[in-house]
Amino acid sequence: MPQASFPIGVFDSGVGGLSVLRALLAAMPHERFVYLADSANAPYGERGDAFVAARTHAITQYLREQHHIKALVVACNTATAAAIHEVRSSHPDLPLVGLEPAIKPALAVTKTGHVGVIGTRGTLTSAKFSKLMASLQEQAHFVVQPCDGLAHAIERSVALPVAAPGSPVDATETGALCARYVQAMGSFGTAPGQMDTLVLGCTHYIFVAHELRALVGPGVQFIETGEPVARQTRRLLDTAGLLHQPIHATADETPATPSIQLLTTGPVAMLEAAAQRWLDLPASCCRSVQVP
Ligand code: DGL
């Protein structure tokens, strides 16, 4: 099989990276994907760098050995901050895309010059993020808020029924945490001195965008990384000659393996619920695996 037809690996601490997978699928509908949620070990945000780096290495190795991935998208800001440099040097032949809070794009969007940034404690206290902030902090006023517990609450919320439209935003654990952190950050809005831009620096947070929106108001711009990362991945594969060029399929041609596999080290029911709710994918795409 030519290498271009091998799958792209996508990995996150849990179900948050499905927000990135959604953008990847939209940008490259002909590619095969293997998504791995390390839900048995989520959340990564409060675990410390050594643990997150060890998991990132183990999962990269697993995806290469078991699934022969042709590229890897680390769809997790926390894992990128803790381990992307080491993964790059241990796997120099693997096209690799990481995520970081989209501070630079926020600068292009803000009119008030006041930007809020939310992410995990691991990401926002990392040397990588400090370096990024140091290079840009003269250009805007940044309010940086680690959101302990929010990614974990989002993981757990997958098992809950979908909230009725119009239900109060603090009716859930995720809503209460969003309210606590947004209030701690200060004033959002489009008037001078207010934060008119909010960087979602964790892939899980896209799934509480409606709750955040209800708290910050309609004029605030949300900046996330799914689409730019999908474009970057496409460019990288194109440059490496690894983009999958579909052959016109005939009616009786069915792929030997499904084009999207969703794997989890945690409870498969949670991944099934998330895949169905957020990507409209069937439970048959999901299975549990062990990655020691
Ligand atoms: N989704 C991850 C991120 O983008 C990590 C969340 C967590 O496991 O704490 O940082």
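When a ligand or atom number is given, it counts from 1 through the structure's own listing order.
- Not counting sequence neighbours, the partners of T120 by the side chain to side chain contact (heavy atoms under 4.5 Å, CB included) test are T78, T123, C202, Y205.
- Taking all atoms of both residues into account, the shortest heavy-atom contact from M185 to I118 is SD-CG2, 3.7 Å.
- Ring pair Y62/H67: centre-to-centre distance below 6.0 Å.
- Protein residues with a heavy atom closer than 4.0 Å to ligand 1 are D12, S13, P43, Y44, G45, C76, N77, T78, T120, A151, C202, T203, H204, listed by chain and number.
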Hey, mind stepping through H244 and H30 against ring pair (Phe, Tyr, Trp, His ring centres under 6.0 Å) and telling me if it holds? CA-CA 7 Å; H244 181 50; H30 302 296; 7.5 Å; no

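- Counting heavy-atom neighbours within 6.0 Å of Q276 CD, excluding the residue itself, gives a total of 12 or less.
- Screening M28, K70, R235 against L243 for a side chain to side chain contact (heavy atoms under 4.5 Å, CB included) leaves a single residue, M28.
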